[in-house]
K.L.:
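Pasting in a structure now, in structure tokens, and then I'll have a few things to ask.
This one's a predicted model, so the numbers in the text were calculated from it and none came from an experiment. This chain uses plain numbering: 1 for the first residue, then up along the sequence.
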Amino acid sequence: MRPLATLTTLLLTLPSLAYSAYCSGSPDPNAPSNSLPTTLNPAKTLVNSTDNGLVYKYNDDKFHSFLVTHLWGTPYEQGYAQGEMMGDEIDDFFQTTYEYLSKALAEELPQLRFPEWFLDLVVEKGLDWALDWTAEATAAYTDPKFFEELQGISDGSGVDYQLLLRIHMLPEATKGACSMIGASDTATETGNLLQLRALDWDVDGPFKDHANLIVYHNDDDPERVSWANIAWTGFIGSVTGFNEQKMSISEIGVTFPDDTFGKESRHGTPFVNLLRDVLEKESTFKGADDRISNADRTCNLILGVGDAKTSQFNAVQYSADVANFITSDNLQPVNDTWHAPITDITYFGMDWLCPGFSEVLHDQLVANAPLTPANMIEDVIAITQTGNLHIAVYDLAESSVYLSFAKKSDDDGSDGEGDMAFERTYTRIDADALFSTPAPTH
Ligand SMILES: *[C@@H]1O[C@H](CO)[C@@H](O)[C@H](O)[C@H]1NC(C)=O
Ligand SMILES: *[C@@H]1O[C@H](CO)[C@@H](O)[C@H](O)[C@H]1NC(C)=O
């Protein structure tokens with residue numbers, strides 16, 4: 001890291017985003033469709049195994065391969081198994097992420113969108129102190145099982161526990177942009193729920209090289225539901241995922257709120273832990289909403305919760321002050337030019353106040369309804385140009401999740417595909433098959 005003096009200087013010259021009313025971005029008006037055929041039956045190769053775990057690589061072709069990890073046992077055993085099987089990978093991901101974070105702060109890289117409170121802490125006390133402070137401010141609101149699993153990862157991999165914990169604070173200390181859709185009934189071809197989670201975050205750092213779907217098999221634990229986290233190796237909070245009860249999550253970081261959000265807080269449950277808890281502890285739509293209502297909430301977000309059992313979806317306007325549940329019947333914030341209600345579709349393009357993206361998303365939804373996974377992938381997502389780092393289209397009534405990931409660092413682009421997840425080949429995952437994968441017999 002550069003000396004703190006440099007950081008202070010940078011901070012004073014930073015334009016403040018907080019006072020701009022609307023986000024200014026919009027998709028390229030000539031954005032092409034994505035007509036690449038989806039990989040329906042990805043090749044699976046066993047990469048490693050241990051008593052409580054299996055790791056597969058999905059897709060032979062290295063430009064589209066990603067890891068799928070299966071874990072069994074107690075939270076500590078699940079962590080230990082992941083640590084044991086993926087030690088080198090976890091060490092690499094967490095070390096390079098820490099270095100990248102230091103660089104992003106020192107050079108004021110805009111991709112991670114650090115909020116002012118975090119920059120202030122870093123300037124005053126340094127990066128480690130700021131991350132440790134965040135961990136302490138949230139520890140009392142975090143399920144102890146989270147720390148047990150993290151300790152398991154550290155013990156299994158030999159990676160320093162404090163480094164693992166610090167990197168897990170990163171989502172609280174940055175903001176993604178992201179988009180979401182929940183559509184059902186008249187708005188989808190089958191009438192079932194179709195849900196989008198498009199993650200727009202950082203495609204320059206190490207995240208794109210460590211994509212990992214991690215399946216927690218919790219059949220033996222009456223307090224936990226089996227669930228799958230679409231994340232990075234060794235990362236145990238959740239921004240994207242689904243559970244065996246056909247529930248799924250979306251999330252948007254809000255940089256352009258209006259005054260209905262009220263205030264943020266630093267003392268509460270990190271949102272990646274709350275989203276994980278929704279998937280790991282809830283089997284019903286109401287249970288998920290109650291958990292979010294009752295949570296000690298922190299930063300400004302829009303969350304999305306879907307339940308394909310009942311074809312329900314709602315977005316949640318989320319801050320320390322409010323948890324407002326939004327469906328297609330009470331879309332917020334309504335604006336006739338850029339965020340008009342659509343029957344049976346709830347949608348947000350990139351932020352709360354983001355006319356440029358929301359309007360294109362609206363127009364694509366109207367033009368393509370009734371929606372299918374195919375027309376969402378081909379037109380709605382590609383033309384809105386959302387989901388640079390990863391995308392999940394959940395069609396859990398059909399046991400399907402369609403995933404796409406950003407181009408990796410070692411991809412020479414020889415297949416002609418673009419860099420962003422929305423421009424690339426998607427892979428279909430069979431959710432029921434994932435959850436019924438048998439434990440290894442040793
Ligand atoms: C595979 O897992 C075993 C534990 O079962 C571990 O000792 C080994 O280091 C792992 N291999 C790699 C390449 O990480
Ligand atoms: C709709 O959004 C535009 C900005 O794109 C804004 O100027 C206008 O006041 C908004 N209309 C309403 C009714 O809020």
Side-chain angles (χ1 to χ4, degrees), residues 14-34 109-115 174-183 187 195-204 239 250-261 299-304 315-319 326 328 331-342 345-369 371 375-391 393 404 406 418-424:
L14 271 179
S16 176
L17 291 173
Y19 300 105
S20 319
Y22 292 93
C23 87
S24 56
S26 58
D28 179 344
N30 300 313
S33 297
N34 177 350
L109 302 179
Q111 298 92 317
L112 291 174
R113 294 212 218 172
F114 299 105
T174 68
K175 280 199 193 297
C178 315
S179 300
M180 72 171 72
I181 301 168
Q195 183 178 337
L196 167 70
R197 180 314 170 244
L199 176 62
D200 293 274
W201 196 37
D202 174 292
V203 290
D204 299 325
V239 296
S250 305
E251 176 267 334
I252 297 176
V254 172
T255 305
F256 299 93
D258 57 25
D259 57 14
T260 61
F261 274 82
C299 48
N300 293 342
L301 301 165
I302 311 166
L303 303 183
V316 191
Q317 180 189 19
Y318 180 102
S319 71
I326 299 170
S328 54
L331 193 71
Q332 315 268 327
V334 170
N335 186 298
D336 290 340
T337 54
W338 60 266
H339 204 217
I342 310 173
I345 301 183
T346 309
Y347 69 99
F348 287 92
M350 293 291 201
D351 212 310
W352 185 257
L353 296 179
C354 198
F357 281 95
S358 297
E359 186 174 355
V360 173
L361 181 56
H362 168 276
D363 293 352
Q364 283 302 312
L365 290 167
V366 170
N368 284 284
L371 298 168
N375 67 25
M376 281 174 76
I377 290 167
E378 182 163 353
D379 287 326
V380 178
I381 303 168
I383 293 174
T384 309
Q385 297 194 308
T386 187
N388 65 4
L389 187 55
H390 75 217
I391 297 168
V393 175
S404 184
D419 294 1
M420 306 303 172
F422 59 77
E423 303 172 307
R424 300 180 62 76

K.L.:
In terms of relative ring orientation, are Tyr347 and His362 parallel, tilted or perpendicular, with 30° and 60° separating the classes?
P.N.:
tilted
K.L.:
Return the minimal non-hydrogen interatomic distance between Pro333 and Trp338, and the atom names on each side.
P.N.:
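Heavy-atom minimum between the residues: CG-CH2, 4.0 Å.
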K.L.:
Using a 4.5 Å cut-off on heavy atoms from C-beta on, say whether the side chain of Ile383 contacts that of Ser33.
P.N.:
yes
K.L.:
Hey, are the side chains of Gln385 and Val360 touching, using non-hydrogen atoms and a 4.5 Å cut-off?
P.N.:
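Of all side-chain heavy-atom pairs linking Val360 with Gln385, none is under 4.5 Å.
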K.L.:
Take Phe348 and Ile326, measure what side-chain contact (heavy atoms from CB on, under 4.5 Å) needs, and give me the verdict at the end.
P.N.:
CA-CA 11 Å; Phe348 287 92; Ile326 299 170; 4.2 Å; yes
K.L.:
Which heavy-atom pair separates Arg424 from Gly418 by the least distance, and what is that distance?
P.N.:
NH1-O, 2.6 Å
K.L.:
Check the pair Glu251, Leu303 against side-chain contact (heavy atoms from CB on, under 4.5 Å), reporting the backbone distance first and the verdict last.
P.N.:
CA-CA 4 Å; Glu251 176 267 334; Leu303 303 183; 3.9 Å; yes
K.L.:
Which residues satisfy the side-chain contact (heavy atoms from CB on, under 4.5 Å) test with Ser26, sequence neighbours excluded?
P.N.:
none
K.L.:
With the side chain counted from C-beta on, respond yes when Asp258 and Gln317 share a heavy-atom pair under 4.5 Å apart, and no when they do not.
P.N.:
yes
K.L.:
With Leu365 as reference, evaluate Asn375, Leu371, Thr384 under the side-chain contact (heavy atoms from CB on, under 4.5 Å) test and give the passing residue.
P.N.:
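The option that passes is Leu371.
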K.L.:
Heavy-atom distance under 4.5 Å between the side chains of Val203 and Asp419, does that happen here?
P.N.:
no
K.L.:
Kindly write out the residues that satisfy side chain to side chain donor-acceptor pair (under 3.5 Å) with Asp200, not counting sequence neighbours, or none if the list is empty.
P.N.:
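Counting only residues at least two positions away or on another chain, Asp200 forms a side chain to side chain donor-acceptor pair (under 3.5 Å) with Thr386.
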K.L.:
At what distance, to the nearest 0.5 angstrom, does NE2 of His390 lie from CG of Asn388?
P.N.:
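So the NE2 of His390 and the CG of Asn388 are separated by 10.0 Å.
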K.L.:
State the CE-CD1 distance between Met350 and Ile302, to the nearest 0.5 angstrom.
P.N.:
12.0 Å
K.L.:
With a 6.0 Å cut-off (strictly less than), is the heavy-atom count around CG of Asp28, excluding the residue itself, greater than 12?
P.N.:
yes
K.L.:
Distance check, rounded to the nearest 0.5 Å: Ile391 atom CD1 versus Ile381 atom CD1?
P.N.:
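These two atoms lie 5.5 Å from each other.
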K.L.:
Ser250: what forms a side chain to side chain donor-acceptor pair (under 3.5 Å) with it, not counting sequence neighbours?
P.N.:
Gln195
K.L.:
Please name all residues satisfying side chain to side chain donor-acceptor pair (under 3.5 Å) with Asp204, sequence neighbours left out, ordered by chain then number.
P.N.:
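Residues passing side chain to side chain donor-acceptor pair (under 3.5 Å) with Asp204: Gln111.
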K.L.:
In chain order, what residues pass the side-chain contact (heavy atoms from CB on, under 4.5 Å) check against Ala382, with sequence neighbours excluded?
P.N.:
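side-chain contact (heavy atoms from CB on, under 4.5 Å) check on Ala382 returns Asn34.
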K.L.:
Work out which heavy atom in Ser179 is nearest to a heavy atom in Gly349; give both atom names and the distance.
P.N.:
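Closest approach of Ser179 to Gly349: OG-CA, 3.6 Å.
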K.L.:
Walk me through it: do Leu389 and Asp202 pass the test side-chain contact (heavy atoms from CB on, under 4.5 Å)?
P.N.:
CA-CA 7 Å; Leu389 187 55; Asp202 174 292; 5.6 Å; no
K.L.:
Grab the two heavy atoms, one from Ala340 and one from Leu331, that are nearest each other, plus how far apart they are.
P.N.:
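In terms of heavy atoms, the two residues are closest at O-CD2, 3.8 Å.
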K.L.:
Using atom types as modelled and distance alone, determine if a side-chain donor or acceptor of Ser319 lies under 3.5 Å from a backbone N or O of Cys299.
P.N.:
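Here the side-chain-to-backbone pair does not exist.
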K.L.:
Could you check whether any side-chain heavy atom of Ser358 comes within less than 4.5 Å of a side-chain heavy atom of Trp352, counting everything from C-beta outward?
P.N.:
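They are not in contact (no side-chain heavy atoms under 4.5 Å apart), so the answer is no.
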K.L.:
By side-chain contact (heavy atoms from CB on, under 4.5 Å), which residues pair with Asp351, not counting sequence neighbours?
P.N.:
Arg113, Val254, Thr255, Phe256, Cys354
K.L.:
Write down the atom of Leu353, the atom of Pro257, and the distance for their closest heavy-atom approach.
P.N.:
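What the structure gives for the nearest pair is CD1-O, 3.5 Å.
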K.L.:
Let's go through Arg197 and Cys178 carefully: what are the C-alpha distance in whole Å and the side-chain angles of both, what is the deciding distance for side-chain contact (heavy atoms from CB on, under 4.5 Å) to 0.1 Å, and is it a yes or a no?
P.N.:
CA-CA 8 Å; Arg197 180 314 170 244; Cys178 315; 3.5 Å; yes
K.L.:
When rounded to the nearest 0.5 angstrom, what is the spacing between CG in Asn368 and CE in Met376?
P.N.:
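Answer for the CG-CE pair, Asn368 versus Met376, is 10.0 Å.
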K.L.:
Give the minimum heavy-atom separation between Ala369 and Ala187, together with the two atoms involved.
P.N.:
CB-O, 4.2 Å
